[in-house]
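Some notes on the structure that comes next.
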Number of protein chains: 2
Amino acid sequence: MPDIEFETVSQRIRALFESLTRAERQLANRMLENYPVSSMGSITTVAEEAGVSAPTVARMARKLGFSGFPDLQAALRRELEAAISDPITKHDHWASDADTTHILYRFTESVLDNLRNSLKQIDIEAFDRTVSLLSDRRHALHIVGGRITRSLADYFFTHMQVIRPDVTLVASNSNSWPHYLLNMQEGDVLVVFDIRRYEHNIVRLAEVAQSRGVSVVLITDQWGSPASKHSTVTFNLRIEVPSAWDSSVVPMTLVESLIAAVQADCWEETKARMKTLEDLFDHTKLFRKFL
Amino acid sequence: MPDIEFETVSQRIRALFESLTRAERQLANRMLENYPVSSMGSITTVAEEAGVSAPTVARMARKLGFSGFPDLQAALRRELEAAISDPITKHDHWASDADTTHILYRFTESVLDNLRNSLKQIDIEAFDRTVSLLSDRRHALHIVGGRITRSLADYFFTHMQVIRPDVTLVASNSNSWPHYLLNMQEGDVLVVFDIRRYEHNIVRLAEVAQSRGVSVVLITDQWGSPASKHSTVTFNLRIEVPSAWDSSVVPMTLVESLIAAVQADCWEETKARMKTLEDLFDHTKLFRKFL
DNA sequence: ACAATTCCGAAAATATAATTTCAAACACGC
DNA sequence: GCGTGTTTGAAATTATATTTTCGGAATTGT
């Protein structure tokens with residue numbers, strides 16, 4: 001039986017997380033996922049599902065302050081019973097307590113909404129077409145973002161650079177754009193990020209690029225950047241959140257999905273490139289491996 | 001395993017109720033009361049709580065079509081898992097049925113899962129504490145990221161820079177870190193992004209910073225960067241997705257939530273700063289307004 | 001009321017779960 | 001790199017849970 005009665009097991013796991021070892025953290029993560037049902041089976045089952053050994057589970061139970069695994073389970077059952085019989089069960093579950101008004105909760109709800117609404121509107125055709133454009137190593141890829149979207153462009157660039165050769169990040173300072181345009185060939189691809197407070201220069205860049213035979217992929221918001229007049233494919237994403245700024249979460253999700261899809265398309269080459277990259281890192285000792 | 005797959009245990013109990021004997025009915029009633037948690041303990045406990053003997057419970061499990069009591073329990077766990085996760089998951093069929101195997105769908109589902117699982121684990125206290133740290137204009141704020149998280153750090157920096165003065169983005173090239181450390185005062189705040197393939201240098205940076213009296217806020221993954229030993233607050237976020245890389249969507253959501261919260265805290269000052277920023281943009285015509 | 005039948009739980013037998021032990025693997029400081 | 005302390009799971013051990021057996025109690029039909 002635990003010393004401190006009013007804590008839930010999940011709270012305790014989170015409190016002790018830092019002091020847990022690798023295998024224990026792996027278990028902790030599994031336990032918190034689908035909590036608490038994922039810990040309701042036998043110690044063997046729980047261990048297997050978390051990918052650790054039974055003794056690890058037993059040790060964990062002790063660390064959490066229980067006399068053993070069965071004791072922990074009993075606590076979980078009591079919690080579950082309380083939670084289920086509680087009329088306020090409707091409570092969207094992941095909001096542990098009465099905090100539905102907390103900014104973190106409202107913000108996340110809003111992001112979840114945006115994700116669902118944006119993604120269901122995306123034309124799979126358009127997505128696949130974009131993936132082919134990005135996978136085509138015969139043509140160079142250029143990426144550009146604006147004041148805020150610069151980071152997204154940078155993120156996209158960092159990954160694409162590993163996946164394939166001939167990837168350029170266009171500096172966000174528009175003075176040097178003519179130089180970049182000079183290097184864009186017919187058939188090249190330009191990925192443009194432009195969300196509201198649309199930037200005039202970016203629109204012009206897209207226009208010029210397209211006029212020179214470059215395929216323009218535009219990632220913009222639900223209202224649409226004027227650059228869409230000059231784009232081959234356009235993605236309109238939801239970006240509104242309870243904040244003074246817009247959210248880049250949905251655009252980032254799209255970017256990562258594209259990365260995942262392109263990477264799958266070019267897997268053989270990407271694998272080789274990643275291997276080389278690893279070697280380079282090892283060699284230059286830029287960072288050490290952990291875990 | 002039951003013959004008929006689509007029935008719930010409770011439905012089966014009710015269907016067979018008439019054919020049950022006295023002791024069995026007593027047990028059945030207890031099982032349906034506080035269903036299904038009341039049947040989650042050991043057979044002995046369940047029997048005791050229902051006021052019947054263990055063999056009765058075992059026989060009951062067979063009557064209900066299971067191979068034994070453990071089999072029944074497994075079925076209950078599956079039911080419970082489905083019942084608990086469904087209301088949250090709301091598989092909104094936002095995809096046109098056929099495409100549930102498409103990478104875009106799978107990726108987004110995975111992101112949604114990560115969001116729900118990460119956010120429900122965040123300690124609201126820790127979040128609020130971080131917001132106070134970030135809102136405190138008496139102390140400078142430093143931000144640092146690694147190879148991949150650099151973009152995130154940059155994104156965070158871009159926004160915080162507008163909200164408040166004294167914000168520094170620490171260059172990701174570790175050669176210059178001593179210079180940055182030199183400028184960190186006791187009481188300053190350092191926000192560190194470090195997700196897996198943890199970077200040794202970053203861990204050291206956190207260590208040195210903390211030893212010099214700097215509050216370290218660490219944003220890491222579910223396994224936890226070693227830097228957490230040197231941090232004041234740690235956020236463990238889920239980053240696994242069906243891709244060769246990890247996802248930064250959840251970290252970005254946290255970053256944006258923090259931005260929104262800090263901005264609300266410092267609203268008067270932020271509003272003034274945003275106004276000034278607008279004027280500066282107008283003046284230098286760095287970009288033109290649309291909409 | 002009294003067999004015949006079914007039901008039920010104590011106790012034994014069996015199966016499974018939980019814990020402990022311990023040696024190999026690992027991370028970490030020097 | 002090299003030794004030291006920690007972590008970890010396989011295997012052995014112990015504890016517990018589950019099932020089976022079986023005789024007495026309850027129920028039913030006549």
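Quick note on labels: first sequence line is chain A, next is B, and so on, each numbered from 1. Keep in mind that what you see is a predicted model, and the values were worked out from it rather than measured.
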- Item | Base-pairing string, 5' to 3', of DNA chain D - Watson-Crick or wobble, under 3.5 Å, | interstrand | ||||||||||||||||||||||||||||||

- Message: Under 4.0 Å between a side-chain nitrogen and a carboxylate oxygen: does that hold for B:Arg30 and B:Glu33?
- Response: yes

- Query: Side chains of B:Asn114 and B:Val249: closer than 4.5 Å at any heavy-atom pair?
  - Reply: no

- Item | Sidechain N-carboxylate O distance under 4.0 Å for B:Glu81, B:Arg78 | no

- Interatomic distance where CG belongs to A:Leu72 and C1' belongs to C:dA17 [whole Å]: 15 Å

- For B:Lys229 and C:dG29, give me the distance from atom NZ to atom C1', rounded to whole Å. 11 Å

- Between NZ of B:Lys63 and P of C:dC7 the distance, given in whole Å, is 6 Å

- Query: Is the CZ atom of B:Arg204 crowded by more than 12 outside heavy atoms at less than 6.0 Å?
  - Reply: no

- Query: Hey, mind stepping through B:Leu141 and B:Asp136 against side-chain contact (heavy atoms from CB on, under 4.5 Å) and telling me if it holds?
  - Reply: CA-CA 9 Å; B:Leu141 170 61; B:Asp136 185 354; over 6 Å; no

- Note on the structure: For B:Tyr155, the ring-ring contact (aromatic ring centres under 6.0 Å, His included) test, sequence neighbours excluded, returns B:His159

What are the atom names and distances for every N/O pair under 3.5 Å that joins the protein to nucleotides 23-27 of chain D?
none

- Query: Among B:Val131, B:Val191, B:Leu133, which one satisfies side chain to side chain contact (heavy atoms under 4.5 Å, CB included) with B:Leu258?
  - Reply: B:Val131

- Message: I'd like to compare against my own output: the B/S/- annotation of nucleotides 10-21 of chain D with a strict under-4.0 Å heavy-atom distance to protein.
- Response: BB-----SSBB-

- Message: Does A:Glu18 form a side chain to side chain donor-acceptor pair (under 3.5 Å) with B:Ser228? I'd like the steps, not just the answer.
- Response: CA-CA 7 Å; A:Glu18 289 312 324; B:Ser228 57; 2.7 Å; yes

- Got a sec? Which of residues 23-33 of chain B come in under 4.0 Å of DNA chain C, heavy atoms? B:Ala23

- Query: Does the side chain of B:Thr21 get closer than 4.0 angstrom to OP1 or OP2 of C:dC7 through an N or O atom?
  - Reply: no

Quick one: side chains of residues 57-66 of chain B, donor-acceptor pairs under 3.5 Å with protein atoms, not counting sequence neighbours, listed by atom name and distance.
from, atom 1, to, atom 2, distance (Å)
B:Arg62, NH2, B:Ser67, O, 3.2
B:Lys63, NZ, B:Glu24, OE1, 2.8
B:Lys63, NZ, B:Glu24, OE2, 3.4

- Query: Do A:Glu256 and B:Ser247 have side-chain N/O donor and acceptor atoms under 3.5 Å apart?
  - Reply: yes

- Message: Apply side-chain contact (heavy atoms from CB on, under 4.5 Å) to residues B:Leu169 and B:Asp154 and explain how you reach the verdict.
- Response: CA-CA 7 Å; B:Leu169 178 63; B:Asp154 182 71; 3.7 Å; yes

- Item | B:His142 and B:Val214, any side-chain heavy atoms less than 4.5 Å apart | no

- Query: B:His200 has an atom NE2; how far is it from atom P of C:dA27, in whole Å?
  - Reply: 13 Å

- Electrostatic pair B:Asp123:A:Arg14 at N-O distance under 4.0 angstrom: no

